[in-house]
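If you're wondering where the values come from, they're calculated on a predicted model, not measured in any experiment.
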Amino acid sequence: MPWYKQLHWQIIIGLVLGLIYGVVAASAGWQQFTSDWIAPFGTIFLNLLQLIAVPLVLASLIVGVASLGDLEQLSRIGGKTIGIYVLTTTIALVIGLALVNTLQPGNAVPKDVRAQLEQTYQGDIEQSMKMAEKAEGRGPLQPLVDMVPSNFFNSASDNGNMLQVVFVAILLGIGLLLIPDEDAEPLLSFFDSLFELVVKVVELIMLTAPVGVFGLLADAITSIATGSPMGIASLLQALGLYCVTVVIGLAIMVFVVYPIFMSLFTSIPILDYFRAISPAQLVAFSTSSSGATLPVTMEVSEKNLGVSEEVSSFALPLGATINMDGTALYQAVSAVFIAQVLGIGLAFTQQLNIILIAVLASIGTAAVPSAGIVMLVAILESIGVPSAGLALILGVDRPLDMLRTTNNVTGDTMVASVVASTEQQLNFPTDGVSVVTSDVQGSVREEPVG
């Protein structure tokens, strides 16, 4: 496929054209024309993302929980697998929040530019400040109370209540496990079909991303450039620091956190581990999809790492659904970065809410490219940050998506290895290793080594 037909290049082109148009429009005095005829395309794209958020979480979460088969699988292997996935996702979120609060990439934007942005999103920012004040005065268990809705349909009608949707989806998934198979089958088939439909709709929505990014950026840059000619350069500087923050966090997860787990719970040398899983990492990087990489991930885990089929067939498909360490870290950094750029201070309880939503919603983040963007919209709205700020980071989402998917797949293989080792089902080949290799299309072949 020619490069200009690839979506990520089209989004980058939309970003560049939006920046150029914004500068020209600001200097030519086209603010009203931009507001009337350009900005609506960005609003439509944003509305489409918001539209699909609840169905995406509901369908994928119910299918993910129900795929466990029965509650007995949650006892030993299931308990270990899910426990480690949740632990590493939490670690990723804490690392992301620590980095973004320390480096503060959003604060690289000058005060005059931030003032322009604050004026653009004045209504949303005032609402955010009220939410922060309200959050500071809440009791310690209020987040748990807020998780449980009194009316599901009210929750589903507002993306700001995404945590309640996650709670209901998990509850329904567990309920489907507890009723007879013949009674559960019709609903499972329905949610399976709904999940496939939602995945396809997300793909269709992302086709509008280049135009949506152009509209969002053109409108935002027009406002910024009007007040400060240096605004664009400072925004790009902040965006570069944002990318560095995300990459540092992902590198800490892949090269520090995962090797620590491998060293503590397995006997596989770290260099051999990375060499063994490199085919899956390459496919993950090229496809930006944990789901598309799953066949190669299972192949390298069983043949290169020596994970038993019993463990790999449970832990890896589950990981492709619920293990989103890289995505969660990216969402935490992105949410706080956007808030910093817009001059919105986030209370500790709001940042805690990011962790809660991202950990639980990682189960509901579909293993397809750009699904994390949809979940980021839900997180932004749940903490009162204008989701229109998403335009600031969409242009660099594709390369970061490739990196965070590689992180996710690496985490999947680590958890499978650790669980297999604790179950005495890890047999790492030390002689005559058959290394599975793959091209970017995911075809697999074996090459004898040593």
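Residues that satisfy the side chain to side chain donor-acceptor pair (under 3.5 Å) test with N101, not counting sequence neighbours, are Q351. With sequence neighbours excluded, the residues forming a side chain to side chain contact (heavy atoms under 4.5 Å, CB included) with A209 are I11, F45, M206, listed by chain and number. Considering only residues two or more places apart in sequence or on other chains, V244 meets the side chain to side chain contact (heavy atoms under 4.5 Å, CB included) condition with I248. Residues passing the side chain to side chain contact (heavy atoms under 4.5 Å, CB included) test with E196, sequence neighbours excluded: none. For the ring pair (Phe, Tyr, Trp, His ring centres under 6.0 Å) test, residues two or more places apart in sequence or in another chain that qualify with F214 are Y21. A335 is linked by a side chain to side chain contact (heavy atoms under 4.5 Å, CB included) to I354, L376, I379, L380, I383, counting only residues two or more places apart in sequence or in another chain. Under the rule for a side chain to side chain donor-acceptor pair (under 3.5 Å), the partners of T413 that lie at least two apart in sequence or sit in another chain are Y273. Applying the ring pair (Phe, Tyr, Trp, His ring centres under 6.0 Å) rule to F190 yields no partners; only residues at least two apart in sequence or on another chain are considered. Scored by the side chain to side chain donor-acceptor pair (under 3.5 Å) test, D36 finds Q32 as partners (sequence neighbours excluded). Listed by chain and residue number, Y242 satisfy the ring pair (Phe, Tyr, Trp, His ring centres under 6.0 Å) test with F337 (two or more places apart in sequence, or in another chain). Not counting sequence neighbours, the partners of T410 by the side chain to side chain donor-acceptor pair (under 3.5 Å) test are Q281.
Minimum heavy-atom separation, L250 to G326: CD2-CA, 3.6 Å. For the residue pair A25 and T222, the shortest heavy atom distance occurs at CB-OG1, 3.8 Å. When all heavy atoms are compared, the tightest approach of A280 to T293 is O-CG2, 3.3 Å. Across I38 and A218, no two heavy atoms sit closer than the pair CG2-CB, 3.8 Å. Summarising the geometry of V213 relative to G14, their closest heavy-atom pair is CG1-C, 4.2 Å, with the distance given to 0.1 Å. Contact between V254 and F274 at its shortest, heavy atoms only, is O-CZ, 3.3 Å.
Here the side chains of V283 and P295 are not in contact, with every heavy-atom distance at 4.5 Å or above. Side-chain contact between V201 and I205 is present, with at least one heavy-atom pair separated by less than 4.5 Å. Within the 4.5 Å cutoff, no side-chain heavy atoms of L171 are placed close to those of F152. Two residues are said to be in side-chain contact when any heavy atoms from C-beta on lie closer than 4.5 Å; V168 and S155 fail this criterion. T89 is listed as a side-chain neighbour of N323, based on a closest heavy-atom distance under 4.5 Å. Under the 4.5 Å side-chain criterion, counting only non-hydrogen atoms from C-beta, I277 is not in contact with N304. Here the side chains of F265 and I84 are not in contact, with every heavy-atom distance at 4.5 Å or above.
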Show me the side-chain donor-acceptor pairs of residues 255-263 shorter than 3.5 Å, one per line, residues at least two apart or across chains.
residue : atom : partner : partner atom : Å
Y258    : OH   : D325    : OD2          : 2.6
Y258    : OH   : N407    : OD1          : 2.9
S263    : OG   : P259    : O            : 2.9

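Considering CG of L294 and CG of L316, their distance stands at 6.5 Å, rounded to 0.5 Å.
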Tell me, with the steps shown, if L305 and V300 meet side chain to side chain contact (heavy atoms under 4.5 Å, CB included). CA-CA 7 Å; L305 295 176; V300 300; 5.8 Å; no
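In the displayed structure, L204 atom CG is contacted under 6.0 Å by more than 12 heavy atoms of other residues, nucleotides or ligands.
In terms of modelled atom types and a separation under 3.5 Å, the side chain of S278 and the main chain of R275 share a donor-acceptor contact.
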